[in-house]
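Contents: one structure, followed by commentary.
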Amino acid sequence: MDNLESLVDVDRGMISREIFVNEEIYRREQEQVFARAWLFVGHESQIPGAGDFVVSSMGEESVILCRDRAGAIHVFLNSCRHRGMKVCRYDEGNTVEFMCPYHGWSYATDGTLVGVPFLKDAYGPQLDRARWGLVEVAQLENYKGTIWATWDASAPSFLDYLGGYKLYLDLLLDAWDGREGGTEVIGGVHKWLIPCNWKFPAENFSGDRYHGVSHRSVDMVGIGPSGKGRRDMQERNEARWLDVSFPELGHSMIAFLRAHDSPLAPAYQDAPVVADYFRRCEEDRRRRRGEYWRLFGGPGTMFPNTSPLARQPRTLAVWHPRGPHQTEVWRWYLVDADAPAEVKDFLRHYYIRYSGPSGLTEQDDMENWNYAHKASRGVIARQFPYNYEMGLGRATRAFEDHGLRLPGTISDVTAANASENNQRGYYRRWRQFMEAGSWKDLVS
Amino acid sequence: MDNLESLVDVDRGMISREIFVNEEIYRREQEQVFARAWLFVGHESQIPGAGDFVVSSMGEESVILCRDRAGAIHVFLNSCRHRGMKVCRYDEGNTVEFMCPYHGWSYATDGTLVGVPFLKDAYGPQLDRARWGLVEVAQLENYKGTIWATWDASAPSFLDYLGGYKLYLDLLLDAWDGREGGTEVIGGVHKWLIPCNWKFPAENFSGDRYHGVSHRSVDMVGIGPSGKGRRDMQERNEARWLDVSFPELGHSMIAFLRAHDSPLAPAYQDAPVVADYFRRCEEDRRRRRGEYWRLFGGPGTMFPNTSPLARQPRTLAVWHPRGPHQTEVWRWYLVDADAPAEVKDFLRHYYIRYSGPSGLTEQDDMENWNYAHKASRGVIARQFPYNYEMGLGRATRAFEDHGLRLPGTISDVTAANASENNQRGYYRRWRQFMEAGSWKDLVS
Amino acid sequence: MDNLESLVDVDRGMISREIFVNEEIYRREQEQVFARAWLFVGHESQIPGAGDFVVSSMGEESVILCRDRAGAIHVFLNSCRHRGMKVCRYDEGNTVEFMCPYHGWSYATDGTLVGVPFLKDAYGPQLDRARWGLVEVAQLENYKGTIWATWDASAPSFLDYLGGYKLYLDLLLDAWDGREGGTEVIGGVHKWLIPCNWKFPAENFSGDRYHGVSHRSVDMVGIGPSGKGRRDMQERNEARWLDVSFPELGHSMIAFLRAHDSPLAPAYQDAPVVADYFRRCEEDRRRRRGEYWRLFGGPGTMFPNTSPLARQPRTLAVWHPRGPHQTEVWRWYLVDADAPAEVKDFLRHYYIRYSGPSGLTEQDDMENWNYAHKASRGVIARQFPYNYEMGLGRATRAFEDHGLRLPGTISDVTAANASENNQRGYYRRWRQFMEAGSWKDLVS
Amino acid sequence: MSDRLARLLLKEDIEAFLYQEAELLDERRYEAWLDLFTDDAHYFMPMRRNVPHDEPEREFTRAGVDVNWFDEGKDTLTRRVRQILTGIHWAEEPPSRTCHMISNVQVLATDPADPTPTEVTVRSRFLVYRNRVETETDFLVGRREDVLRRVDGGWKIARRRIVLDQSVLLAKNLT
Amino acid sequence: MSDRLARLLLKEDIEAFLYQEAELLDERRYEAWLDLFTDDAHYFMPMRRNVPHDEPEREFTRAGVDVNWFDEGKDTLTRRVRQILTGIHWAEEPPSRTCHMISNVQVLATDPADPTPTEVTVRSRFLVYRNRVETETDFLVGRREDVLRRVDGGWKIARRRIVLDQSVLLAKNLT
Amino acid sequence: MSDRLARLLLKEDIEAFLYQEAELLDERRYEAWLDLFTDDAHYFMPMRRNVPHDEPEREFTRAGVDVNWFDEGKDTLTRRVRQILTGIHWAEEPPSRTCHMISNVQVLATDPADPTPTEVTVRSRFLVYRNRVETETDFLVGRREDVLRRVDGGWKIARRRIVLDQSVLLAKNLT
Ligand code: FES
Ligand code: FES
Ligand code: FES
Ligand SMILES: [Fe+3]
Ligand SMILES: [Fe+3]
Ligand SMILES: [Fe+3]
């Protein structure tokens, strides 16, 4: 795409509708973005035992996440090397091998081609089995239980890819009391389709504090953990609101920084046990994290299509591209592994009524993404770029609060209420990926 | 399209099937035809009061037709300037503003951006509201109650675009008794989908007297206002049949010119009140129109996709493109505004049983367009052009009858029964639009 | 396609997934393959009498197979020359003419344009009826009751196109007792859709002995004519297994050559009358065919998309392309015309339970083709070619057994169990078609 | 008990009538179908609009006033049937394969005192599946409210109101 | 009244039977489903053709003569069931999610004198919704005519004729 | 006979209840619909997975343990209804056009001795057709198992289990 320059003008906050609806751009995205970037695949707790597997998706393609007999975790393309048949059509299970139902080639859980009918008689020396195992990702990382992978051997390590964003992603993945890791998935991954381009939800989660109107009906009805509004607002009301972006990485998050001298905030009042649990967590958190205890997360997006939501309802969403005009959403729900059963159950109920296609809140997001996309496809509409001017030029790369420095390009929107700092950072990186010839051009 | 020359050879009456089924040609049509031409949007009588609106369509895109608080009529692209959300998902209503459900930008009925949440705090000076109102059409015309618009500022005025066709379009829009204007829509716009390219119905209405076979079943059954055939034929039987085309504009109509000395023709015999009404109308018409009283209209097409039907059932149809292989039809029904209720009701019943997907007549047209399109898609079929030779070279640009001159390139088919004069004129103009770099190349 | 060389490397047994999922390649196939090759249309016994017709399909397009009043057989494009309307929307019938329902042009059963409403008045000399008959195929052949046709006048004759494959196709078309011809269709053509590229079934039938796993469930259940397995295996167990390919033609078949001294093999044990019939047939066959009696056929594919299955269930399948990702299958069932009713009925039951979407066996093939195709569409999957190495370099062009020479490039897989000799031959020819400028480049 | 039973038999009776109607349509016995209507029958199917939830009165086009999908008497119905019977009504030639699935039959409260009312109002749901020629397929789904009148022993349709759950008609015709 | 009541109970009885059959299928209790057929059962589903309205006799392929979708006895049905139970019938492994909706149940006139006939002919409509793996979805819609026979107290299916409202099968298989 | 009759009337009664529920939903009378649930009602809809035929226990997500589509009481249902009634729940504004077709109603065996049980378990099938704005259309098809409780004369829903025949939800929401 030689004309990306004119389509994505981040400095002026103008982005063409073409990048959402154009078929050729979509096709390029598969090669330039999804075949290169680190993508979220699943969670360790989904495959606890040897031979356990779940089927997941990377970009448009089906992959198998499994643990081999030796306990090592792998991610394979779910396609036979012989004629491409999907070797696993189950969503999950436990197996010793994946046998292809077409001609019976079978692959061990470490991907090696172990079974070939009539191997000696029919193939003799011709078939070099070692070269025909399942296609495996080039790099894989198990980061605090979350499994990430990339098809590109020249991609940087996951930690380099994550960069300074680590501090924020950890807000989701560490236990609420500040211990490293310690989160698990509660059973059941939501999967559903939305008729819009995959970047609508990705940018919305990257830092859209601005769409309160979408959810006003929920605020009126009240589904929050304290029975009011969407969430417990009080602690946020006395915190600084920060839109945190890493334009050079594409990652971003909505964050809240509480006052250095702020007291604990009451929450979950109508559920004493839960309220009690979180109070204890926060006490421990202060002890363990020092000044960082003050930092709380919200929704964010890790480039390109994974969105952590770092507070209740704590979730990880992946926006899988399914053609330029459709997105398949997968949603994982996280809780502290060792939280009391009652707390887990309380949160489970909250997640269900809040999130996904059966959640009161996100139904309205999807309606908006659906028709925002649809109304942007026409020959006239495509002449008018979207507006990303909000908060242009207000961000700092050197944020500090009472001696606490935070990484990232940060826009303090406590007064402004909202900015498009994060969206701009996201699309800046998106354009780099689309223009890059290889990872060489993407690492500075 | 450099090869349009070979695809559309109007002089020899050969037109390639490609122009109906080719995806690239379809894509070009959106830019070359629909982004430039004057298109029909709706009728004044649909939005009588301030704040009234109806949603309509121009080409593939949704637009809002509304009357602002000051009573002025506007047509806007139905898409928010911020992220493109459809600002109005209703078909009709009355409102003081259009509030976008995504982030709450709201637009007054004159299109100005009046509401932006957190404007001062979040945007400050960055957002120049004056530049971010709803996208409005470049030109709009209220012609005798019908609303027309174009996206192209360089397009000629509507009256120039209409040109000599005015005389014929007025046959639909003027009252039957010859007074200027005075027609209104009777509630309810038919909307439905047909699986064919939008040009099949457009060319059919432009002047296809030849497809009697399609409707023979209706002739046998009889649904005409006098309970026989499809229509009242008598007056047509003693009239001259004229196929009227304006190749330089693309417009055309089937017309009937009655003898200068012909008496009134009995009609609607089985409905005395209606018969009486039309008789009185024709007397007045003679008085008001002089020699022109003799001219009666039929179906026609105003380039590119609006088809007036200038006699009972008096309708306006628009053929909206919905991809190369699908058309969405919108159908408005017109009556004399001050006709007696009984006459309106009589005609309403006639319209319903005649027209649209529940009409006995047009069901068969749609079957034909559907399978004519489908059978033209294949690699072999596309090697064989359609035949438009009927009546080649028989038209005159100087038609006269007992001193009455009629504008247009006219083929008298009283003896021939039919011609393809109008279709040839239509595609001649279509090719000009497809080849033109801008309106400069389209006005001679 | 300049890059076909890299996509189809038959010598190394590597074929890219692109040729199955790429839209551009699919489009080219319509012109390079289906507009040129000889295609199967139907069977004489479907149109016994003058005026009888059945609608069939060639590539993506609908055609009419009919017998004119003089008894001559024709194949026409099912599309009116005027505006392309499908002139016949019935599957079968008997008629004196095909009248187009749009404007009433009518065509005799020999394709001539015999009826044009208002011909004299409306067209006068303009329309040269002789030039506007139904589009007829360039060449047609009635080979032992099967009707074949091609759109390309420069194509070789059918017998040249068939070449040495004649010997094998006859195994299906000749009576079981060795007499020439003598087969007929038993009423009812199966028609259904499969979500995969048309070449998956074409290559599978060309000679895939290797997918036993697909059908193991059937082997366990047993639906064979002797109530066990899928088929009667015994005679095959003592025969030589031959994969016969004609790479220069694209045709191939799985064949069985019984020992020169082998006795008759018992079969159909649980149906005495049938067993008796086939025993008598084989005796006659030996008498009539001499040494060739030993040759029995199996599934095969005649380039590009017709698959004879030369033993019970004796069928002809055509794989019609319906877009890159969908195939419409048509299935004809053949029996010896003069077999006893009881035998025909026995076989009819066997065919139904074996074949097609209601057949126990082929349901599993379709599941595999469906998901093999689907799992090959992604950007990563398309980087990994399919493997066709099985039996590379083992074939001979000079096969002989006890003095019996057989034509074709033959791989004896009696010991190997299977090879991909036939698939390689098929794709070699496919690539030649895709690269050829015309038939000149295709005949050596 | 006995009046509950009477109501039950009444409903059974009416269900049988509606199923038989579906049978006649799908068997293409259109003239017999026509006989199921009284001479003064009114056959009505409005169009539907997308309107704000608090302006429901704007949702449906009005019988006798607006243009509707259907708004007619037996005479026009008869012409529709006769057109199909001509055999050259191309939209139905070759004939479609249709299946009228009827469910949720509700007989609205009738005078319990009267076990054999002469008119009853009946609600039902329909799913019409239509498939024709090769792959052309439509689903028409919605609700009906019929007024059935008892005419010498049997039932006839005196009024029918059809509510189709579509705004833009997702089919090329309503035959 | 009492014989109307008997007919009503008979119909109720048969509806319950058909609903239970659907339940067994969708619960994948195939062997129990098989038991609902008599040993001499005939299971028949013809293909349909597009033919002129005045040649209806050409529309359906014929039982016992032509190739049909199904035209078989209990033995073949049994093999179909056993194939699914192997667990390696890939077209049904992983198993499909199916829903058999049955409506328009009509018990054809039986001898009113006989309140408990031993054979009844029953018409019904079906909509089978099938969804499998990720997004694969089919609708199979049409009519059935069954002959049910009373076998020690319960009903069994002695003959079934299925009319699918499709010409080209719009699904990759009929499992 | 008389107890068969009682069961018949019971079933009739329950069918009427389920049809009326569908009516309330499609008429958008959500508050009246809400009243059909007992205060302790449990509303449950699991997700489904593709799993080997011999591990059916893995197919459904579990109530009270896993994340499900629905797993809630009347309080949350009430909030859902109230949200729609705000008129700014964009996913339902403008309102959808829905049609709930209910079929295969089976009243599971109740104590024959007790003609008027206070709780009954009922199986049924549903096809929900939803169409909104212009051409947006969804089919939601599956089965329900309800426990109905008799509350002063009428029935109320005490437990509902909905099994949707989809794995990946083929719709953008479940409103
Ligand atoms: S496709 Fe997997 S073994 Fe052949
Ligand atoms: S899209 Fe309209 S306000 Fe954001
Ligand atoms: S299209 Fe066949 S006569 Fe016009
Ligand atoms: Fe949101
Ligand atoms: Fe017409
Ligand atoms: Fe096979």
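Because the structure is a prediction, the values reported are computed rather than measured. Sequence lines set the chain letters: A, B, ... in the order given, protein chains first and strands last, and positions in each chain run from 1.
- For a residue to count as touching a neighbouring chain, one of its non-hydrogen atoms must lie under 4.5 Å from one of that chain's; by this rule C:Glu61 touches chain B with the side chain only.
- Under the 30°/60° scheme for interplanar angles, the aromatic rings of C:Trp332 and C:Phe40 are found to stand perpendicular.
- Considering only heavy atoms from C-beta on, B:Val10 stays 4.5 Å or farther from B:Arg431 through its side chain.
- Residue with the most contacts toward chain C among B:Lys374, B:Glu420, B:Gln383: B:Glu420 (heavy-atom pairs, distance under 4.5 Å).
- Side-chain contact between B:Leu406 and B:Val244: absent, with no pair of heavy atoms (C-beta onward) separated by less than 4.5 Å.
- When the heavy atoms of residues 99-106 of chain C are compared with those of chain B, the residues falling under 4.5 Å are C:Met99, C:Cys100, C:Pro101, C:Tyr102, C:His103, C:Gly104, C:Trp105, listed by number.
- Side chains of C:Lys440 and C:Leu442 form no contact here, defined as non-hydrogen atoms less than 4.5 Å apart.
- By number of non-hydrogen pairs under 4.5 angstrom with chain C, the leading residue of B:Tyr210, B:Phe200, B:Tyr371, B:Tyr386 is B:Tyr210.
- Interface remark: B:Asp208 contributes side-chain atoms only to the contact with chain C (heavy atom separation under 4.5 Å).
- Residue contact with chain C, scored on non-hydrogen atoms closer than 4.5 Å, involves the backbone and the side chain of B:Glu367 alike.
- Contacts of B:Phe384 with chain C are made by side-chain atoms alone, with heavy-atom separations under 4.5 Å and no backbone atom involved.
- When the options C:Asp110, C:Thr112, C:Asp52 are evaluated for a side-chain contact (heavy atoms from CB on, under 4.5 Å) with C:Asp68, the one that passes is C:Asp110.
- Ring geometry, B:Trp369 versus B:Trp319: the interplanar angle exceeds 60°, so the pair is classed perpendicular (tilted spans 30 to 60°).
- The residue among B:Pro385, B:Ala375, B:Ala418 with the most heavy atom pairs within less than 4.5 Å of chain C is B:Ala375.
- Using bins of under 30°, 30° to 60° and over 60° for the plane-to-plane angle, the ring pair C:Phe158/C:Trp148 lands in the tilted bin.
- Relative ring orientation between C:His373 and C:His325 is described as perpendicular, the plane-to-plane angle rising above 60° on a 0-90° scale split at 30° and 60°.
- The one candidate from C:Tyr426, C:Phe34, C:Trp38 that meets the ring pair (Phe, Tyr, Trp, His ring centres under 6.0 Å) condition with C:Phe303 is C:Tyr426.
- When heavy atoms are compared at a cutoff of 4.5 Å, C:Leu77 approaches chain B solely by way of its side chain, counted from C-beta outward.
- When B:Asp364, B:Asp365, B:Asn368 are each tested for a side-chain hydrogen bond (donor to acceptor under 3.5 Å, both in side chains) with B:His211, only one passes: B:Asp365.
- In this structure, the portion of C:Arg89 lying under 4.5 Å from any heavy atom of chain B is its side chain and not its backbone.
- Looking only at heavy-atom pairs under 4.5 Å with chain B, the residue among C:Arg83, C:His82, C:Gln30 that has the most is C:Arg83.
- Within residues 129-140 of chain C, the residues having any heavy atom closer than 4.5 Å to a heavy atom of chain B are C:Trp132, C:Val135, listed by residue number.
- You'll find the side chain of C:Tyr123 reaches within 4.5 Å of the side chain of B:Asn387, heavy atoms only.
- Looking at C:Val116, the atoms closer than 4.5 Å to chain B (heavy atoms on both sides) sit in the backbone and in the side chain alike.
- Ranked by heavy-atom pairs under 4.5 Å with chain C, the first of B:Ile380, B:Val379, B:Asn370 is B:Ile380.
- Classified by interplanar angle (parallel below 30°, tilted 30° to 60°, perpendicular above 60°), the ring pair C:Tyr90/C:Phe53 is tilted.
- Counting only heavy atoms from C-beta outward, the side chains of C:Val75 and C:Ile64 never approach each other to under 4.5 Å.
- Taking the ring axis of C:Tyr161 as reference, the NZ or CZ atom of C:Arg429 does not stay both within 45° of it and closer than 6.0 Å to the ring centre.
- When each of B:Gly13, B:Gly378, B:Gly393 is checked for heavy-atom pairs under 4.5 Å with chain C, B:Gly378 comes out on top.
- A cation-pi geometry, defined here as NZ or CZ lying under 6.0 Å from the six-membered ring centre and within 45° of its normal, does not hold between B:Arg377 and B:Phe20.
- In this structure, CD in B:Glu18 is found 11.5 Å from CD in B:Glu24, a value given to the nearest 0.5 Å.
- For B:Ala381, the parts sitting under 4.5 Å from any heavy atom of chain C are the backbone and the side chain alike.
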